[in-house]
Peer 1: 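One structure, as structure tokens, below. Some questions next.
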Amino acid sequence: MPKSESSINPFETAKRQVDIVADMLGINGGVREILKHPKRELTVNFPVRLDDGSSRVFTGHRVQYNMARGPCKGGIRYHPQVTLDEVRALAAWMTWKCATVNIPYGGAKGGVICDPKHMSTGELERLTRRFASEISSIIGPEIDIPAPDVYTDSQTMAWIMDTYSMQKGYSVPGVVTGKPISLGGSEGRGEATGRGCAYVVREAAKDVGVRVKGGTVAVQGFGNAGSVAANILYDEQGAKIVAVSDSKGGIYKADGFNPHAVEEHKKKTGSVVGFPGAKAISNEDVLETKADILIPAALENQITAKNADRISAKIIGEAANGPTVPEADEILFQKKVVVLPDILANAGGVTVSYFEWAQDIQGYYWPLAEVNQRLEQVMVRSYGDVHKVATERKVHHRTAAYVVAIQRVVDAMRIRGIYP
Ligand code: GLU
């Protein structure tokens with residue numbers, strides 16, 4: 001029986017990606033082994049009191065993949081399908097992501113197996129506070145700094161910051177990023193992932209010869225990253241947003257949507273589906289929509305060997321983590337589709353997280369224009385670093401980003417040496 005796409009183990013994918021680049025760079029032996037193993041993993045099982053008075057045990061993980069370049073950094077996701085291998089893969093990707101954009105962090109990730117869509121705010125608060133307490137011994141501004149990810153947000157971060165601060169006896173804003181502004185969050189953090197993605201798409205479009213102004217865009221996953229990328233491509237770069245989707249389905253309109261109106265509709269009804277004047281399409285159809293630019297902004301394993309051949313976009317900006325499986329990368333490379341990999345295309349989020357942490361530690365906060373200007377500088381420079389390697393080595397942009405990132409991590413590991 002063919003392996004179903006959902007059974008693709010993301011950590012196997014992550015290790016394969018390391019092997020490909022380690023082969024290219026001649027990295028072998030112990031160094032290669034370290035790159036394929038998480039440094040530290042913590043699994044916790046903990047009870048949460050539910051609204052009906054009963055209690056339930058939840059399982060969560062925090063994986064710290066590599067801290068050669070600095071404290072670990074990465075989000076926490078709440079999702080029924082969280083697995084330890086998925087968290088390991090995401091922690092590895094955070095390591096390479098921070099190195100690709102050259103911010104002084106290692107990589108980590110957390111996940112709690114739960115269904116946040118069917119939990120009340122009170123239940124989510126109790127779950128978050130207890131999980132924060134369970135992992136408090138391994139997080140902190142100098143060790144590991146969590147942030148939002150799938151189905152967690154600034155409120156989740158506020159609860160973690162408060163729980164950690166209560167345990168310490170003083171406020172520690174730098175323990176998490178993606179906080180509300182009133183608690184030491186950064187201007188621009190909320191839209192940083194989508195904004196960063198729009199910047200690298202713009203840069204790649206110049207090299208590929210695609211016109212973003214008037215060009216067509218399809219967005220799979222109209223959540224935080226996807227909707228912001230759509231808004232910025234539409235507002236600031238004049239693109240036409242022709243297809244969008246969320247977990248309930250997709251919509252299409254040949255002459256384009258105003259993404260702000262779609263956002264309003266989603267806020268009111270809970271989905272983009274049913275947007276007036278749009279043709280209903282499936283979530284998978286969105287990937288295959290005729291468009292110049294495709295932004296996968298949902299979950300992993302969406303672009304596979306099955307549908308890669310049917311993708312018409314010339315540029316794919318991976319706002320999600322891990323949306324393309326390695327077989328699909330090869331097919332797309334043969335078709336001359338430029339895939340801007342997740343560790344570059346969605347690194348705007350962690351970049352502004354870095355700005356937030358730096359502001360918290362200094363107790364000195366920057367205006368929005370400064371945040372966005374510095375974000376743009378980081379994204380443009382990082383795209384340039386990756387594109388240079390892709391051109392020189394004649395490899396696709398994912399491999400090029402891994403070359404840039406893994407070389408930086410290995411340099412830090414080598415110069416530090418092995419303790420003792
Ligand atoms: N969860 C986001 C990511 O995957 C942000 C991580 C962070 O800001 O630390 O990049």
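Atoms within a ligand are numbered from 1 in the order they appear, just like the ligands themselves. Since we're looking at a predicted model, the values are computed, not measured.
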Peer 1: Does anything in residues 65-76 form a side-chain hydrogen bond (donor to acceptor under 3.5 Å, both in side chains)? List the pairs, not counting sequence neighbours.
Peer 2: R69-N102, K73-T177
Peer 1: Looking at residues at least two apart in the chain, or sitting in another chain, which of them share a salt bridge (charged side-chain N to carboxylate O under 4.0 Å, His left out) with K36?
Peer 2: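 For K36 the salt bridge (charged side-chain N to carboxylate O under 4.0 Å, His left out) partners, ignoring immediate neighbours, are D19.
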Peer 1: Do we get R398 above Y402's six-membered ring, with its NZ or CZ under 6.0 Å from the centre and within 45° of the axis?
Peer 2: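 R398 over Y402 ring: no.
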Peer 1: Run through ligand 1 for me and note each protein residue having a heavy atom under 4.0 Å from it, chain first, then residue number.
Peer 2: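 Residues K73, G74, G75, M94, K97, K109, A147, P148, D149, R189, N321, G349, V350, S353 each place a heavy atom under 4.0 Å from ligand 1, listed by chain and number.
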Peer 1: Just grab all the ring pair (Phe, Tyr, Trp, His ring centres under 6.0 Å) pairs involving residues 325-364, residues at least two apart or on different chains.
Peer 2: Y105-Y354, Y105-W357, F333-H396, F355-W366
Peer 1: Are D235 and H260 linked by a side-chain donor-acceptor pair shorter than 3.5 Å?
Peer 2: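 Distance-only check passes for D235 and H260.
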Peer 1: Hey, does the side chain of D85 reach the backbone of F11 with a donor-acceptor pair shorter than 3.5 angstrom?
Peer 2: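 Flag not set: sc D85 to bb F11 has no pair under 3.5 Å.
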